[in-house]
Amino acid sequence: MIQIKLPFIHLKTNAFSYVIHITQVEKIEHVYFGKPLIDDDFKPLLFKPTAGVGSAILYDRNGQNLNLDFFPSEYSEFGKGDFRLTPLELHMPDGSFVTDFVYHSHEIQKGIYPSNDLPIGKENDSVESLILTLKDTKYDLYLKLIYTLYEDSDVLGRRAILVNNDETVHIRKLMSMMVDFVDCDYDLLSLQGGWIKESHKEITPLQRGTLLLESTTGASSNRVNPGFILMKKGTHEDFGSCYGFNLIYSGNHYEAIQVSNHGMTRVMSGIHPQAFHYELAKGQSFETPEAILTFSALGLNTLSNQFHHFIHEHITPRQFKGLLRPVVINSWEAFFFDFNESKLVSLAKKAKKLGVELFVLDDGWFGNRNDDTSSLGDYTVNLKKLKGGLKRLSDTIHKLGLKFGLWFEPEMISEKSVLYQTHPDWVVKVDGRTPSLGRNQWVLDLTNGEVRNYILKSMKQILNETLIDYIKWDMNRHITDAYSKHVKHPGMFYHEYIKGLYAILKDLTETYPNLWIESCSSGGNRFDLGMLSYTPYVWASDNTDPIERLKIQGGLSYFYPLSTISAHVSLSPHAQTIRTTPLSTRFNVAAMGCLGYELNLKYVTKAEQTEIKHQIELYKIYREVFQQGHFYRFNSPRKDLTLFQVSHNQTHILGFYQNGYDASPNTDVIQVKNLKPNQTYSIESVQQTMPIQQFGHLIAHAIPIKLNPNGYLMHKIGQYKRLNNATESYVVSGAALMQGIPVIQQFSGTYYNEQTRLLGDFGSQIYIIKEVGETHA
Ligand code: DGJ
């Protein structure tokens with residue numbers, strides 16, 4: 001709800017209040033962001049200036065005693081006495097950087113204030129917008145601050161639009177939002193990383209000075225995600241006040257958290273100002289991407305679930321809202337570039353028997369692409385590999401009862417390609433300089449309309465000729481040599497590139513509304529709300545090692561729901577970490593996302609295939625819980641233990657993941673969150689198996705015959721037989737489960753029977769919890 005009682009504007013949801021004040025000197029004051037306020041007497045919350053002292057500068061309109069350097073502002077600027085970081089830097093017609101924006105007008109409207117060419121939150125009945133317009137005191141230049149209240153999700157969207165009715169202005173920096181806090185006792189939670197280590201949670205205490213989260217790679221990047229959280233000291237998963245921020249944008253981004261010399265915290269987020277420059281002539285306007293803000297007084301899990309709700313309701317393409325993601329088999333880690341039709345069909349047949357629903361043909365199907373040095377841009381099928389063409393393959397796959405998916409890397413070009421021979425000028429580069437290579441490829445200039453048309457035309461030709469249910473949209477390098485003669489100023493390049501990308505995605509998704517698109521950028525190099533506005537999910541990382549994935553998926557879960565996180569089971573030892581992990585753990589982690597398999601089933605034993613079949617059966621039964629449920633992290637009782645919970649309606653699923661096995665381990669106590677204390681629940685662990693070889697020479701103690709642990713017989717038996725791990729089940733009250741119940745002991749070194757829980761290093765277990773019976777009186 002947006003309430004106006006001038007001079008105050010109150011934006012309110014069930015989780016927070018956000019209060020704005022139009023001061024007497026018409027500067028806009030940020031009054032409050034936090035727990036919902038019941039009272040609307042906001043005067044005691046106002047900034048209380050006294051006489052300016054020492055080096056203070058006074059903002060002198062109407063003789064008011066206002067020192068902007070202390071003033072909690074809705075959107076600060078340069079040149080009138082606020083010496084903190086500015087969200088706005090304009091080179092003005094008078095040659096200066098000085099601006100002075102003051103209140104001009106405001107308006108409330110039902111629904112969304114539209115955007116011309118950027119993705120913003122999608123509308124539903126709960127949405128209301130405030131348009132607060134400021135005007136420069138010298139020029140006919142307007143700054144529209146757009147506040148979109150997504151009340152059902154407890155989220156506030158913010159963006160800025162600069163409208164010029166005067167002489168030309170040059171924009172050097174224009175942030176989507178800024179929030180001033182009067183205090184600074186916060187920790188910053190951010191997602192840091194790189195290739196195959198994306199989105200690792202990092203907690204940094206604020207201190208005087210500026211912390212920057214930034215990407216200048218041309219993408220939102222695997223270095224640092226645009227999502228971040230400020231939390232009051234002492235906040236944890238289920239306790240404390242925290243503020244969440246994100247940006248609906250896929251390009252260079254900049255988030256600054258600055259603690260001033262007077263202990264106030266300023267937060268801003270938007271397009272990175274590096275190499276950014278827009279010329280705004282009379283009659284033109286520029287709009288920023290939308291930033292997303294939310295607040296929870298109940299800890300990080302609640303905050304995350306607000307973000308998740310927002311994504312389900314307002315970001316995910318409408319036609320995919322609530323739609324359950326199919327179980328995938330992907331050809332990449334199975335074959336890389338080395339495949340032919342019969343290998344693919346054989347993989348598909350095996351996968352179908354195990355319950356897989358969608359077959360994805362990854363890289364290598366077009367041109368002469370037998371490695372990563374050629375053919376990007378030439379999407380003509382390689383008939384040496386696929387003798388019957390794509391259509392025959394797609395038909396065969398569909399006849400098997402599977403859906404068919406295809407990989408593209410539309411934004412890229414290889415030097416060895418017909419496209420490059422024909423259009424060398426379509427590469428992003430500076431005349432007279434050889435552009436730098438990344439994965440042996442260059443970037444296509446998406447600011448050029450001809451390039452965009454070519455991409456759409458070549459993709460549509462394939463999509464029209466062949467039945468394709470899904471595409472994987474990959475993008476495997478950062479952008480360098482950023483320049484194009486198709487933009488007026490080089491400072492426009494990166495942003496116009498992203499707008500070009502969105503224009504292509506918009507066209508494609510409008511033409512093929514039911515086409516599933518999974519976005520990917522060397523894994524999670526572009527995991528952001530911009531891509532998610534067009535593609536329902538993202539390949540989270542090229543790293544499928546489950547122990548690494550716990551960090552990656554756990555990190556992403558702070559901002560993104562499991563329905564957006566694509567996660568596959570691959571072979572062990574893992575290709576990137578050489579770590580050996582149980583098949584059960586690989587599944588137990590991938591199930592906390594959109595499940596797929598990415599391995600050559602030829603190298604999977606019969607016994608493992610049976611286990612995979614059971615995994616997929618289980619996943620399908622609980623798919624809605626996994627993909628649409630509320631997600632919770634735990635403050636783990638053990639250093640190397642991760643616990644996740646996902647809950648939907650009356651079903652709860654708990655994932656227990658240990659890194660290392662402790663000799664003579666403590667009793668494990670498991671807790672389940674958000675149950676009804678007086679309700680009875682059943683809790684059952686999922687049956688999983690272990691390879692016989694895991695026991696090595698100890699197998700002699702488990703079976704009556706003596707076998708050479710490294711011998712042929714043991715190996716042969718292992719292909720067909722795996723050992724059941726202990727299962728357990730209880731019926732217990734919600735109160736007891738929320739408090740925590742002990743589960744059966746793990747193997748403790750001397751004794752083993754079928755009732756021993758044997759998890760070992762990297763072992764894990766999934767528990768299913770359901771409501772049963774009557775509530776206790
Ligand atoms: C990078 C992706 O992350 C992989 O999954 C795979 O699609 C390769 N690209 C193909 O080149």
Side-chain angles (χ1 to χ4, degrees), residues 193-199 217-223 250 325 328-339 343-344 347 358-379 382 385 404-414 416-417 437-444 459 468 470-479 516-528 531 535 537-546 548-549 552-553 556 564-571 574-577 586 590 593-600:
W195 180 64
I196 66 170
K197 58 163 187 178
E198 295 90 342
S199 302
T217 65
S220 51
S221 96
N222 49 26
R223 295 160 181 237
S250 311
R325 282 53 169 153
V328 168
I329 179 88
N330 180 299
S331 69
W332 180 242
E333 287 196 28
F335 306 123
F336 296 104
F337 294 101
D338 180 19
F339 57 80
K343 280 187 183 177
L344 296 175
L347 179 69
L358 166 66
F359 177 87
V360 178
L361 172 53
D362 209 283
D363 197 355
W365 59 267
F366 50 88
N368 293 316
R369 196 152 163 90
N370 298 317
D371 55 32
D372 64 15
T373 61
S374 89
S375 303
L376 290 174
D378 299 344
Y379 294 102
N382 179 330
K385 290 185 186 178
F404 180 60
L406 195 61
W407 181 95
F408 288 90
E409 194 172 358
E411 298 159 69
M412 295 291 146
I413 180 166
S414 307
K416 279 192 248 160
S417 67
L437 282 173
R439 207 198 187 203
N440 298 305
Q441 65 201 47
W442 291 319
V443 182
L444 280 169
M459 292 183 78
I468 293 173
Y470 156 113
I471 62 172
K472 180 169 169 187
W473 182 294
D474 207 345
M475 194 278 200
N476 283 306
R477 59 157 293 177
H478 299 324
I479 301 180
W516 288 94
I517 308 184
E518 177 175 346
S519 142
C520 168
S521 179
S522 306
N525 192 29
R526 215 163 48 181
F527 204 121
D528 59 65
M531 291 312 285
T535 75
Y537 46 17
V538 183
W539 179 228
S541 176
D542 279 351
N543 196 339
T544 45
D545 176 321
E548 298 305 310
R549 276 290 183 134
I552 295 167
Q553 294 173 207
L556 287 172
T564 64
I565 301 175
S566 180
H568 294 176
V569 172
S570 59
L571 288 179
H574 190 264
Q576 270 118 14
T577 57
R586 282 174 270 150
C594 302
L595 178 70
Y597 288 78
E598 191 159 336
L599 36 72
N600 192 344

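Remember, it's 1-based here, ligands and their atoms both numbered in the order they're listed.
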Assess the residue pair T535 and E518 against the criterion (side chain to side chain contact (heavy atoms under 4.5 Å, CB included)); give the C-alpha distance rounded to whole Å, side-chain angles, the decisive distance to 0.1 Å, and a yes or no. CA-CA 6 Å; T535 75; E518 177 175 346; over 6 Å; no
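By the side-chain contact (heavy atoms from CB on, under 4.5 Å) test, N440 pairs with D372, T373, sequence neighbours left out. With sequence neighbours left out, R526 forms a salt bridge (charged side-chain N to carboxylate O under 4.0 Å, His left out) with E411. Residues meeting the side chain to side chain donor-acceptor pair (under 3.5 Å) test with K197, sequence neighbours left out: none.
Residues W407 and Y379 place their aromatic rings such that the two centres sit no closer than 6.0 Å.
Proximity of a side-chain donor or acceptor of E198 to a complementary backbone N or O of G524 within less than 3.5 Å is detected.
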Please tabulate protein-ligand N/O pairs under 3.5 Å for ligand 1, atom names and distances to 0.1 Å.
unit_1	atom_1	unit_2	atom_2	d
ligand 1	3 (O)	G523	N	3.1
ligand 1	3 (O)	D542	OD1	2.3
ligand 1	3 (O)	D542	OD2	3.3
ligand 1	5 (O)	K472	NZ	2.8
ligand 1	5 (O)	W539	NE1	3.4
ligand 1	7 (O)	D362	OD1	2.7
ligand 1	7 (O)	D362	OD2	3.3
ligand 1	7 (O)	W407	NE1	3.1
ligand 1	7 (O)	K472	NZ	3.0
ligand 1	7 (O)	D474	OD2	3.3
ligand 1	9 (N)	D474	OD2	2.7
ligand 1	9 (N)	N476	ND2	3.4
ligand 1	11 (O)	D363	OD2	2.7
ligand 1	11 (O)	R439	NH1	2.8
ligand 1	11 (O)	R439	NH2	3.0

